[in-house]
Each structure stands twice: as structure tokens, then as C-alpha cells.
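Here's the structure we're looking at; comments come further down.
Reckoned from all heavy atoms, side chains included, excluding hydrogens, waters and symmetry mates.
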Amino acid sequence: QVQLVESGGGLVQAGGSLRLSCAASGTIFSINDMGWYRQTPGKQRELVAVITSGGNTNYADSLKGRLTISRDNAKNTVYLQMNSLKPEDTAVYYCHAGIRVRISAGNVPYWGQGTQVTVSS
């Protein structure tokens, strides 16, 4: 059983910063891409940032310059540092990871339960 557990969300004023964390646990052989998505009511979930197992990163164009994604492979953990937050960044942020549970298994996508980020004006 694999679990992704997020932490670090909360309420912050505009211009502030937050650091989200997501730890994968359970039976894990390897983790490929890890990333963050976000969703607001009535809208589709959108990509925020992704990082490969080798450390290559990709960000949503609208968020570049304000975010930094990183990972600690030894801890199976991905982080999202968010700076200069704006009210429009308010959303539920979801962690995502592509995980192989054993050497013969395929890459399966897993999601965290989501963490609320609220930015007040």
C-alpha cells in the first residue's frame, strides 16, 4: 500500500510564503516523476510543477519565478516552496507521484489527499 501525505498548507497573507511537503510511504521500488497540482472549485486540476527522478524541473508558465520544486530521494519526499503568493493562488494543492512498487511492476500514478492553501488579500 502506497500513501502520499502532504503537509504545509494553511492561511497566508498576499506576498507571503509557504513550503509544502509530500512524503511517499509504503512498498516502493522506485519513484519517477513527482509533482504538484492545484484545483479550485469548478475548475480542472492544473499542473503547478513537476520534478523528475534526476532533478529536472518544469513549471506552469504563469507560476515561473515564484515557485521552486525540489525532492529528497532518500526520504521519498517532494517539496514546493511558494513565494510572493497571490490571492489567485488559493486552491487545494495535490501531490502526485509515479511509483513502481516492485521491479516487475509498471509506473502507477498516486495522489495525495490535498492540502488547502489560502492567500488573503
Side-chain angles (χ1 to χ4, degrees):
Q1 191 80 355
V2 173
Q3 282 190 316
L4 299 181
V5 179
E6 300 120 331
S7 60
L11 174 64
V12 64
Q13 288 188 332
S17 298
L18 280 176
R19 187 188 193 215
L20 306 183
S21 300
C22 172
S25 63
T27 304
I28 296 172
F29 173 73
S30 66
I31 303 178
N32 298 309
D33 292 358
M34 301 186 83
W36 292 92
Y37 291 70
R38 69 184 184 183
Q39 189 170 22
T40 55
K43 293 189 177 181
Q44 286 190 330
R45 193 170 296 186
E46 63 174 357
L47 172 70
V48 173
V50 63
I51 183 168
T52 68
S53 57
N56 294 318
T57 59
N58 190 34
Y59 297 93
D61 287 342
S62 61
L63 299 171
K64 284 181 180 177
R66 298 194 294 121
L67 306 180
T68 302
I69 188 170
S70 60
R71 65 191 281 174
D72 185 333
N73 291 330
K75 296 181 179 180
N76 290 338
T77 300
V78 62
Y79 307 96
L80 184 69
Q81 177 68 42
M82 302 189 291
N83 300 321
S84 303
L85 283 163
K86 305 174 182 180
E88 50 264 43
D89 294 320
T90 296
V92 178
Y93 284 71
Y94 294 92
C95 175
H96 172 272
I99 296 175
R100 295 172 66 191
V101 297
R102 54 186 176 275
I103 192 169
S104 59
N107 188 45
V108 176
Y110 288 88
W111 292 92
Q113 80 283 359
T115 185
Q116 177 70 46
V117 171
T118 302
V119 184
S120 64
S121 58

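Residue Gln3 places its CD atom among 12 or fewer non-hydrogen atoms of other residues, nucleotides or ligands, all under 6.0 Å distant.
Side-chain contact, Ser53 with Asn32: no donor N or O sits under 3.5 Å from an acceptor N or O.
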Requested in this report: Test side-chain contact (heavy atoms from CB on, under 4.5 Å) on Val78 and Ile31 and set out the steps.
Outcome: CA-CA 11 Å; Val78 62; Ile31 303 178; over 6 Å; no
Report task. Go through the steps to decide whether Glu6 and Tyr93 satisfy the test side-chain contact (heavy atoms from CB on, under 4.5 Å), and finish with yes or no. Result -> CA-CA 9 Å; Glu6 300 120 331; Tyr93 284 71; over 6 Å; no
Report task. Please report the C-alpha distance between Leu11 and Gln116 in whole Å, then the side-chain angles of each, then the deciding distance to 0.1 Å, and finally whether the side-chain contact (heavy atoms from CB on, under 4.5 Å) criterion is met. Result -> CA-CA 8 Å; Leu11 174 64; Gln116 177 70 46; over 6 Å; no
Query - Check against salt bridge (charged side-chain N to carboxylate O under 4.0 Å, His left out), Lys64 and Asp61 - result: CA-CA 5 Å; Lys64 284 181 180 177; Asp61 287 342; 3.3 Å; yes
Query raised in the report: Are Arg38 and Asp89 close enough, and set up right, to give a side-chain contact (heavy atoms from CB on, under 4.5 Å), and what steps lead you there?
Result: CA-CA 9 Å; Arg38 69 184 184 183; Asp89 294 320; 3.0 Å; yes
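Here the closest non-hydrogen pair linking Gly114 and Val92 is CA-CG1, 3.8 Å. Minimum heavy-atom separation, Asn107 to Gly98: OD1-C, 2.9 Å. Nearest heavy-atom pair across Leu4 and Ala24 is CD2-CB, 3.3 Å. The minimum heavy-atom distance linking Leu80 with Ala49 is given by the pair CD1-CB, 4.3 Å. The two residues Ala105 and Arg100 have their closest heavy-atom pair at O-NE, 3.1 Å. Residue Leu47 comes nearest to Asn58 through the heavy atom pair CD2-ND2, 4.4 Å, listed as atom of the first residue, atom of the second, then distance.
The shortest distance between side-chain heavy atoms of Trp36 and Cys95 falls below 4.5 Å. Side chains of Ile99 and Asn76 form no contact here, defined as non-hydrogen atoms less than 4.5 Å apart. Counting only heavy atoms from C-beta outward, the side chains of Tyr79 and Asp72 approach each other to under 4.5 Å. Between Thr40 and Thr90, every side-chain heavy-atom pair lies at or beyond the 4.5 Å cut-off. Contact of the Val48 side chain with the Met82 side chain is not registered, since no non-hydrogen atoms from C-beta on lie closer than 4.5 Å.
For the atom pair Tyr37 OH and Arg45 CZ, the distance stands at 9.5 Å (nearest 0.5 Å). Atoms CG and CZ, on Leu85 and Arg66 in that order, are 6.5 Å from each other to the nearest 0.5 Å.
Residues Val12 and Leu67 are members of one and the same hydrophobic cluster, defined by side-chain heavy-atom contacts under 4.5 angstrom among Ile, Leu, Val, Met, Phe, Trp and Tyr.
In this structure, Tyr59 contributes its side chain and Ile69 its backbone to a donor-acceptor pair below 3.5 Å. With hydrogens and angles ignored, the 3.5 Å screen pairs a side-chain donor or acceptor of Arg71 with a backbone N or O of Thr52.
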